[in-house]
Protein chains: 2
Amino acid sequence: MGKHESIPTPAVRRLSLYLRQLEAFRDSNLRTVSSKQLGQALRITDAQVRKDLAYFGQFGQPGIGYDVEELITKVRQILGTDRTWPVLLVGTGNLGRALVSYKGFQSKGFEVVAIFDDNPALHGKAFGENGPKVLPMEMLDAVVKDTQIRLAILSVPATVAQSVTDIMIAAGVKGILNFAPVALQVPRGVNVSNVDLAVHLEQLSFGIGSSGV
Amino acid sequence: MGKHESIPTPAVRRLSLYLRQLEAFRDSNLRTVSSKQLGQALRITDAQVRKDLAYFGQFGQPGIGYDVEELITKVRQILGTDRTWPVLLVGTGNLGRALVSYKGFQSKGFEVVAIFDDNPALHGKAFGENGPKVLPMEMLDAVVKDTQIRLAILSVPATVAQSVTDIMIAAGVKGILNFAPVALQVPRGVNVSNVDLAVHLEQLSFGIGSSGV
DNA sequence: CTATGTGAACAGCTTCACAGCG
DNA sequence: CGCTGTGAAGCTGTTCACATAG
């Protein structure tokens, strides 16, 4: 569809935060919300909120604000989560197993429909109740091609992360949520979002060091 | 200690990535590395690498590059991970349990030394082999004050995240790695680093939507 | 009178390009 | 020569301030 020509990357990131906060407001039975209210809850200026939303359309009404329910719908459309995305997961270590049963995904429109691991002892086993069974890596290509899965969660050791990535991309995966502490090399058109837990802690330890004992 | 007056936040984030990559280079028995090599591995320009490092000191040698081992030492000092940080963890759901046994922390200088949960059935139990036992929330304040823990990992449901945060901060916590999908409100001097898995997936689904079917 | 949407001003970050050093 | 460190230039993102709409 349309190209998002000049939209700042940070604006897209914040869009997710707006959605989350809007859902919280809705759960508090709020019907309309102003850029100021939204900004205060997220520690963002009201001007920033308005500008971010304006990149995607005119959703507000002067003098009133934004209709919560309507804006939720719009933002979901923009983010592409107005439908359910099938997601594949590779690697069933501690983290991988936790992610399979993570409740936050389902409610946001993501569903883990296939799990792969190279440990033969796990093949055919399932985590959780109705979860998918663990499949051998050799089946990844066929499954992805069959089911048209485009999103993957990667929670394998750093040493094999790149080779697994190559396989996934060859099969058609377009977005990878990467938990392995390596900089994955991917071709244009494939997006990677990195979650490195150690990096996050390092940022915090730097923050403490700088603000005195 | 020193104030980091005008250092761009993104530069600090990248510092963690440099460290990770430098360790990989060292493991490949590389002795020196140029800003170009470092940048290529991480998909960053060589000028950016040099500028980032220059914010913290003069670590390189013209004509040669950076001494890998030496730079690792320096970066660790800067990030504050040249020692081991005791970390507390609150919330032992799927994610919390996975994080307790997560190997990536230990090797990076972080050690989970205390675990709290409000579920009485878990009190006294331990995850992993020599791990700490789960303690009731009521003991958090005393334990943090006693042991001077400054870093916390928060993996509790969104509904209680803020109240747990308030308790932790009152006890002296200065840095929080937050997995709950809420914008925590914290006073100046306390740092929060958010990991919202749904947000990450939303960014990817947006990315796919924008680059055509 | 309240709150949006937006050009213009500003701030912050990145890239360029080159002097200087080994 | 190769590569660092760094001012200057360029670019991107944020904030300001106000015209405009309800």
Side-chain angles (χ1 to χ4, degrees), chain A residues 3-18 21-22 25 30-72 74-75 78 183 203 206-207 210, chain B residues 3-18 21-22 25 30-75 78 183 203 206 210:
Chain A
K3 281 238 205 84
H4 307 289
E5 295 216 34
S6 58
I7 296 168
T9 316
V12 180
R13 232 195 79 80
R14 283 189 299 265
L15 212 53
S16 287
L17 303 182
Y18 298 150
Q21 191 60 49
L22 286 165
F25 281 145
L30 212 54
R31 289 191 101 68
T32 58
V33 73
S34 68
S35 57
K36 196 172 179 182
Q37 288 174 284
L38 204 42
Q40 248 160 241
L42 296 169
R43 299 271 150 123
I44 291 170
T45 66
D46 55 331
Q48 181 80 78
V49 173
R50 290 198 299 278
K51 187 136 273 201
D52 283 347
L53 294 173
Y55 285 122
F56 302 98
Q58 305 205 159
F59 306 123
Q61 262 196 298
I64 297 182
Y66 301 87
D67 182 283
V68 173
E69 196 61 55
E70 187 192 312
L71 191 51
I72 288 175
K74 295 290 188 183
V75 173
I78 296 163
Q203 301 301 301
F206 175 84
S210 65
Chain B
K3 281 238 204 83
H4 306 290
E5 295 215 35
S6 58
I7 296 169
T9 316
V12 180
R13 233 196 76 80
R14 284 189 297 266
L15 212 52
S16 286
L17 303 182
Y18 298 150
Q21 189 62 49
L22 285 165
F25 281 144
L30 213 54
R31 289 193 100 70
T32 59
V33 73
S34 68
S35 58
K36 197 172 179 182
Q37 289 174 283
L38 204 43
Q40 249 160 239
L42 296 169
R43 299 268 150 126
I44 290 170
T45 66
D46 55 330
Q48 182 79 78
V49 173
R50 290 198 299 279
K51 187 137 273 199
D52 284 346
L53 294 174
Y55 285 122
F56 303 97
Q58 306 206 158
F59 306 124
Q61 261 196 299
I64 298 184
Y66 302 88
D67 183 284
V68 173
E69 195 61 55
E70 188 191 311
L71 190 51
I72 288 175
T73 304
K74 294 291 189 184
V75 174
I78 295 163
Q203 301 301 301
F206 174 84
S210 66

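Quick note on labels: first sequence line is chain A, next is B, and so on, each numbered from 1. Note that the structure is a prediction, hence the values are computed from the model and not measured.
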Inset, instruction - Please figure out whether T9(B) or I64(A) has its closest DNA chain C nucleotide nearer the 5' end. - result: I64(A)

Legend entry - Those residues that, when tested against R50(B), pass salt bridge (charged side-chain N to carboxylate O under 4.0 Å, His left out) (two or more places apart): D46(B)

Legend entry - Short side-chain N/O contact from S34(A) to OP1 or OP2 of dA3(C), under 4.0 Å: no

Inset, instruction - Let me know the distance between OH of Y66(A) and P of dA21(D), rounded to the nearest Å. - result: 16 Å

Inset, instruction - May I ask you to evaluate whether Q61(B) reaches the phosphate of dG2(D), defined as a side-chain N or O under 4.0 Å from OP1 or OP2? - result: no

Inset, instruction - Would you kindly give the CG-to-P distance between L71(A) and dA3(C), to the nearest whole Å? - result: 16 Å

Inset, instruction - Indicate yes or no for a side-chain donor-acceptor contact from Q48(A) to the backbone of T45(A) under 3.5 Å, with no hydrogens or angles considered. - result: no

Inset, instruction - For K36(A), report the nucleic acid contact type (base, sugar-phosphate, nothing); a contact means any heavy atom under 4.0 Å. - result: nothing

Inset, instruction - Using side-chain contact (heavy atoms from CB on, under 4.5 Å) as the criterion, point out the one residue from V49(A), L22(A), D67(A) that pairs with V33(A). - result: L22(A)

Inset, instruction - Send over the distance from K51(B) NZ to dT15(C) C1', rounded to a whole Å. - result: 9 Å

Inset, instruction - Rounded off to whole Å, could you give me the CG-to-C1' distance for the D67(A) and dG22(D) pair? - result: 15 Å

Inset, instruction - Keeping the roles fixed (side chain from Q37(B), backbone from S34(B)), state whether a donor-acceptor pair exists under 3.5 Å. - result: yes

